[in-house]
Amino acid sequence: MLDSKLLRTATEEVAKGLAKRGYELDVAKIQALEEKRKAIQIKTENLQAERNSISKGIGKAKQAGEDVAPLMQKVENIKQELVSAEAELATIQTEWDDFVNAIPNVPADEVPEGKSDEDNVEVRTWGTPRNFEFPVVDHVDLGANLGGLDFEVATKITGTRFAVLRGGVARLHRALAQFMLETHTTEHGYEEVNVPFIVNRDSLFGTGQLPKFEEDLFKLTDDREFYLIPTAEVPVTNIYRDEIVDEAQLPIKLVCHSPCFRSEAGSYGRDTRGMIRQHQFEKVELVKFVRPEESDAALEALVGHAEAILQKLGLPHRTVILCGGDIGFSSAKTYDIEVWVPSQNKYREISSCSSFRDFQARRMLARYRNKETGKPELLHTLNGSGLAIGRTLLAVLENYQQVDGSIVIPEVLRPYMGGQDVLIPAKK
RNA sequence: GGAAGGGUGGCAGAGUGGUUUAAUGCACCGGUCUUGAAAACCGGCGUAGGUGAAAGCCUACCCAGGGUUCAAAUCCCUGCCCUUCCGCCA
């Protein structure tokens, strides 16, 4: 959520910033609403003040044993006017809130211009894609051959876009999660958290999934309006909703392994084969709460923490900065990390790291007490995948495949695999 | 699932319809005193919004949302949460 005051006083600048992401701010609507709001608010508050003072007078008069009928008559007239004024103010307020809540974040200055993912700008690459001297097999066939990846049976159990993992592949999947958690906690200084995977509407509003992106979520039929989390970002970031933290506690760095559930409405026919796009997947998520002046540096560090996982795994990847047209609703600046997928002969997204600045914090009222001013101020929030586990598994299978269909297990994962160094295809 | 009691500032805690601008204590900040500190004493001390050049003034907020009333922390309804007891349960 953008600052209403800024929206009113610097409308043109905000509109210019939003234009970079292709969002046209309705300037005329802001001016019209603001004009109405101002008049009605002043009128309402004046009427309230008048009523309060007469009511106080009635109390005093009664105590003194005086006749209160004239005062009662006076307040009666005010009351009628007040009721309609209050209703009118509430209507305008709701209209304003609905309008402001639907406005996306303003992209940072350094976000490149552009309309789609084709305009994203490569920042750096790491590693060289391997030269295979045999026909590359994709992870679906590799996994089937290993007896460890079964999409058909998952379709029977549930439906499309689910997978069943077995044996060594299931173990490798678990090893990846463990390895990521261990690296982020012991080497990068994050605190591990375990959170609810079902959240309420307020939490989804706080991080920006609601009210605009309800169709991407799985909603429970329970009348408490619960939803399955689309990412651990939601529960983890909302830990500090409606909180004022001590400045001395900052920065707060949290890491969380969780399942993620996405309806993938609107992506019919895209990535239908394999593990790229599933209704359920696991992810290790990094979340930070920092002082405003530290958020730019914190984003760079966060991207580095995610890249470090791929480097330890020896997986070639590149990092791009998203252009204005491709950036998410709540984000001010986003880097995507893309891993090399040999079967597709291209890089595919495996992590998305964003700084939201104060956009989420304002929705959540997540604040810290500024030591110098003594006043509560909005935090800056950031998050990024570190990494998506299913896609990392896919990348390991494909990049480490051998001609006989076996998979070499990357060195760093072996401690989590009981020392095992290769996955061998099941006997037919 | 059943029964009872609760939810008030950073914390503790008073307040059951009107001189309550939410008492008081603790914590915190400033000052006096002191060689320095502590103690004591004096003063300050919530959030959001509006208005104003500023000082200030005004409005809303006592878990949340409705309602009754000229007037609600206080009365009524609904929801959420907490505590205790019973039942069920990994």
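Each chain gets a letter, A, B and so on, in the order its sequence line appears, and its residues count up from 1.
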**Fill in**
Mate of B/A64 across any strand shown (Watson-Crick or G-U wobble, both atom pairs under 3.5 Å) is B/U78
**Message:** Show me the pairs that pass side-chain hydrogen bond (donor to acceptor under 3.5 Å, both in side chains) and involve residues 153-172 of chain A, at least two apart or across chains.
**Reply:** A/Arg171-A/Gln420
**Prompt:** Can you tell me the Watson-Crick or wobble partner of B/C70, both distances under 3.5 angstrom?
**Reply:** B/G18
**Request:** Could you let me know what B/A39 is paired to, Watson-Crick or G-U wobble, both distances under 3.5 Å, or none if it's on its own?
**Result:** none
**Request:** Remember a base hit wins even if backbone is also touched, and classify A/Arg8 as base, sugar-phosphate or nothing at under 4.0 Å, heavy atoms.
**Result:** sugar-phosphate
**Asked** Got a sec, which pairs hit side-chain hydrogen bond (donor to acceptor under 3.5 Å, both in side chains) with one end in residues 83-94 of chain A, sequence neighbours left out?
**Response** A/Gln48-A/Glu86
**Request:** Would you check if the distance from the ring center of A/Phe218 to the ring center of A/Tyr227 is below 6.0 Å?
**Result:** no
**Message:** Checking base pairs now: Watson-Crick or wobble, both atom distances under 3.5 Å. What partners B/C88?
**Reply:** none
**Request:** Please state how far atom CG in A/Asn200 lies from atom C1' in B/C81, giving the value in whole angstrom units.
**Result:** 12 Å
**Request:** May I ask you to check whether A/Tyr240 and A/Phe289 place their ring centers less than 6.0 Å from one another?
**Result:** yes
**Prompt:** Are A/Gln41 and A/Thr44 close enough that a side-chain donor and a side-chain acceptor fall under 3.5 Å?
**Reply:** no
**Message:** Measure CG/A/Leu365 against P/B/G46 and give the value in whole Å, please.
**Reply:** 18 Å
**Prompt:** Between A/Tyr368 and A/Arg291, is there a cation-pi geometry (under 6.0 Å to ring centre, at most 45° from the normal)?
**Reply:** no
**Prompt:** Do the side-chain N and O atoms of A/Ser203 and A/Arg241 include a donor-acceptor pair separated by under 3.5 angstrom?
**Reply:** yes
**Protein-nucleotide distance (A/Trp96, atom CH2; B/G50, atom C1'), rounded to Å** = 14 Å
**Complete:** Whether each nucleotide of nucleotides 59-72 of chain B has a protein heavy atom under 4.0 Å at its base (B), only at its sugar-phosphate (S) or at neither (-) is summarised, 5' to 3', as SS---------BS-
**Request:** Any strand is fair game: report the nucleotide pairing with B/G49 by Watson-Crick or G-U wobble, both distances under 3.5 Å, or none.
**Result:** B/C58
**Request:** Give the rounded distance in Å between these two atoms: CD of A/Gln41 and P of B/U51.
**Result:** 7 Å
**Request:** Take the protein atom CD of A/Glu377 and the nucleotide atom P of B/U47, then report the distance between them rounded to whole Å.
**Result:** 12 Å
**Prompt:** Rounded to whole angstrom units, what separation is found between the CG atom of A/Asp3 and the C1' atom of B/A48?
**Reply:** 13 Å
**Asked** When rounded to the nearest Å, what value does the distance between P atoms of B/C61 and B/G67 take?
**Response** 13 Å
